[in-house]
Colleague: 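First the structure, then my questions, so here it is.
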Amino acid sequence: MALLIAMARGRTWRVAGRFWIVCCLALWTSRAPAAEPAPSAEYQIKAVFLFNFAQFVEWPARAFADARAPLVIGILGDDPYGAYLDDLVKGEKIGERPLVVRRYRDLAEVAGCHVLFVSRSESDRFPRILSSLKGQSVLTVSDADTFSREGGMIRFVADNGKIRLGINVEAAKACGLIISSKIIRPATIVTAGKD
Amino acid sequence: MRFKDIPIRRKLMTMVLGTSGVVLFVTCATFVSYEFLTYRRTAVRELSTLGAIIATQSTGAVAFDNPRDATEILSALNAEGHIEVACLFDKQGRLFARFPASAPDGDFPAAPVGNGYRFVAGRLEGFTPLVQVEGSGSLGTLYLRSDMRAMYDRLRLYAGIALLVTVISSLVAYVLSRFFQGQISRPILALADTAKAVSDRRDYSVRATKDGADELGLLTEAFNHMLAQIQEQNAVLEKRVRERTAELEAANDELEAFGSSAAHDLRTPLRAIQGFTEILLDPRAGELPPTAKRYVGLIRDGSTQMSQLIADLLSFSKLGRQDLTRQPVPIERLCQEILREMESGYGGRRVEIQVDRLPDIYADPALMRVVLVNLLSNAAKYSRTRDPALIKVGVMRQNDGVNPVFYVQDNGVGFDMNYAGKLFGVFQRLHLPHEFEGTGVGLATVRRIVERHGGKIWAEATPDAGATFFFTLPGG
């Protein structure tokens, strides 16, 4: 208000102008850093699925430091979920374990993760990623078309507007992961080498 | 009929059937009541269990947005038969899958409300959360609604079974009780029959068969023992009776022999007295002085009386030894006969006779004649002072209505009832000899005859107003 009055009077124009610039900058910077739009409906569903995997998969005891160690959902590559996934898992628990979301830019960064969503952006690096993760109890999930072929465990498959799962049970078992029959049954069973 | 009076067999069977019926009824009633009282709890528990099972199955389908799969899982509820509707809500509370697949939205609640199952408007409904991992949030909610027909069907079934079991068990109980009651009743009935036979036939040689060593066996033994005792006592008594009778008969015989010989012996001197007094009184022997004549006359009277007395005594004693020959005797005619014979002895005085219609009786005719002669002549004698003398012979029914009671009534001098006991005694006289002659044997004779016929004789009188003699003759 005072600013406007000052502007109207014109006497302290330079002061008001500087004040304005400062205000705009403040407003600009006060917005969320890297403010992405909310993910699409498709990715909202996939986010829920990622969260739900934690309930329908059993990890071996060695995958966790202790009973209260958090269950980590990792995103490798471009993050299509944004804050939506974080909000989704905030405050939720799997039994005693809290849930944590981590983002990785690089394969090397991936450590101590339980569910890893490998983004489409990493498609060409799938073989390398998957082979390096062999032996670790990480549930690998992606929606890239070639994922299952390369040995990924769960692939999101779009089907008539619904998202289905293509599950490579063998690959999961090989890493010591037990996937509940409740999600295997309606899903498509895939083996490496096929889609 | 009181329970006590029902025959033993039926009593036993009634008791067994009654007891088993009551037991069955109590058991079945308790069972059915318990079921009824707990059916609500049972229904809730069962539906909760079903809900838990379906919920567990459905977690995956709801978590991974698979309504087709979820619908398929719900369709398994068809097998339960009593689920009206069921549906799954997703995490956001939206209707995700339904059963039956064709049910309209209105059949389902708008959103999940609470947890657990309750009775609402006669139906059981409620929610179960879908939880995959203990402690994690729910992935959705299952809604079930059941009609109560299952419970009602079951209760009806139980009631039906109870009824069937009751009927069958009653039949079995009936058969078994019929068979087993014999164990108790047969020995009792046998004993009862024996007792009845013994008392009916008075045959104390019968014995009951002992069957088993229980209380009934003891009873049978005691019964037999009693019978033996009765037999024994009977034998003893009969022996005694025979002995006494023999003694009595011997004494009687002695007495009678003595009596008749005495009477005969008495007659001899009596005849001498009578003979010589006749001679003395005969004018051909010479006239006696008047005083002497008078004295001799008195001697003669006395001896005549004595002769009569002896004759009466003789006939009285003969009675004891005579046999009775019973025949139908027309009493009425006999009375009239005797009365006609007596007419000549009245000496001109007025005697009015009345003889009623008298039934014939079955008795010894000669002895009856003696009785009637005695009674009628007594009646005439003791009413000699009356003018007119009234003699009535009649009959009336006794209290027992069986034996007729005959009576001979006069309006003579009567007697004092205080001395009635002496009336029928031998040589007993209630009047002085100068008033009325008599030997005092007549009535004793009459009583003996009447009692030998099995009857009774008694008399009632008022001094100076007449007497009535009653007698009965059973077998008439």
Side-chain angles (χ1 to χ4, degrees), chain A residues 41-59 64 67-68 70-71 73 84 87-99 114-115 139 141 143 154-167 169 178-188, chain B residues 48-80 86-101 111-112 115 127-144:
Chain A
E42 183 193 333
Y43 277 98
Q44 285 180 17
I45 292 172
K46 288 177 182 172
V48 172
F49 281 19
L50 275 182
F51 166 51
N52 285 340
F53 286 143
Q55 297 199 41
F56 287 87
V57 175
E58 270 177 55
W59 279 264
F64 296 94
R68 288 179 207 274
L71 195 143
I73 301 177
Y84 186 79
D87 290 339
L88 198 64
V89 307
K90 199 178 351 193
E92 296 284 353
K93 278 192 181 187
I94 307 294
E96 295 280 300
R97 304 183 192 289
L99 286 149
H114 300 101
V115 179
L139 185 77
V141 185
D143 53 0
I154 298 184
R155 180 161 83 94
F156 290 135
V157 179
D159 173 20
N160 278 351
K162 289 270 173 196
I163 296 174
R164 298 271 168 262
L165 304 175
I167 305 183
V169 187
I178 302 173
I179 304 181
S180 167
S181 60
K182 289 178 191 163
I183 57 173
I184 292 179
R185 194 182 59 175
T188 320
Chain B
S48 301
T49 307
L50 185 64
I53 292 171
I54 300 290
T56 319
Q57 297 276 39
S58 321
T59 47
V62 175
F64 292 97
D65 192 20
N66 207 334
R68 221 180 49 191
D69 198 27
T71 309
E72 198 184 309
I73 293 171
L74 285 183
S75 68
L77 289 168
N78 219 1
E80 210 279 355
C87 71
L88 284 162
F89 295 96
D90 64 14
K91 199 162 178 174
Q92 280 73 36
R94 293 183 295 242
L95 191 62
F96 184 71
R98 64 186 73 193
F99 167 83
N115 191 355
F127 300 90
T128 307
L130 307 179
V131 174
Q132 173 63 19
V133 176
E134 211 47 60
S136 314
S138 72
L139 294 159
T141 316
L142 169 69
Y143 169 77
L144 288 178

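We use all heavy atoms of the structure for the numbers below, so side chains are in, but hydrogens, waters and symmetry mates are not. Throughout, protein chains are lettered first and strands after them, A, B, ... in sequence-line order, and every chain is numbered starting at 1.
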Colleague: I need the B:Leu77 CG to B:Leu144 CG distance, nearest 0.5 Å.
Modeller: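 If I round to the nearest 0.5 Å, the distance is 6.0 Å.
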
Colleague: Heavy-atom distance under 4.5 Å to chain B: side chain of A:Phe51, backbone, both or neither?
Modeller: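 Just the side chain, heavy atoms under 4.5 Å.
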
Colleague: Which atoms of A:Arg185 are under 4.5 Å from chain B, going by heavy atoms: the side chain, the backbone, both sets, or neither?
Modeller: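 A:Arg185 touches chain B through side-chain heavy atoms alone.
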
Colleague: What part of B:Ser58 gets closer than 4.5 Å to chain A, counting heavy atoms only: side chain, backbone, both or neither?
Modeller: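 Contact with chain A: none, neither part.
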
Colleague: Decide yes or no on salt bridge (Lys or Arg N to Asp or Glu O under 4.0 Å) for B:Arg68 and B:Glu72, but give the supporting numbers first.
Modeller: CA-CA 6 Å; B:Arg68 221 180 49 191; B:Glu72 198 184 309; over 6 Å; no

Colleague: Can you tell me how the ring of B:Phe127 sits relative to the ring of B:Phe89, calling it parallel under 30°, perpendicular over 60° and tilted otherwise?
Modeller: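 Ring orientation of B:Phe127 relative to B:Phe89: tilted.
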
Colleague: Does any heavy atom of chain B fall under 4.5 Å from the side chain of A:Ile184, the backbone, both, or neither of them?
Modeller: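 Neither; nothing under 4.5 Å.
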
Colleague: Tell me whether A:Asp143 is salt-bridged to A:Arg155, with the criterion being a basic N under 4.0 Å from an acidic carboxylate O.
Modeller: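 Between A:Arg155 and A:Asp143 there is no salt bridge, as every charged N stays at least 4.0 Å from the carboxylate O atoms.
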
Colleague: Within this structure, what is the CD-CG distance for the pair A:Glu96 and A:Leu71, rounded to the nearest 0.5 Å?
Modeller: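 The CD atom of A:Glu96 sits 13.5 Å away from the CG atom of A:Leu71.
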
Colleague: For A:Gln55, is it the side chain, the backbone, both, or neither that has a heavy atom closer than 4.5 Å to a heavy atom of chain B?
Modeller: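 For A:Gln55, heavy atoms of backbone and side chain both lie under 4.5 Å from chain B.
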
Colleague: So for B:Glu134, is it side chain, backbone, both, or neither that comes closer than 4.5 Å to the heavy atoms of chain A?
Modeller: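 Answer is backbone: N, CA, C or O of B:Glu134 sit under 4.5 Å from chain A.
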
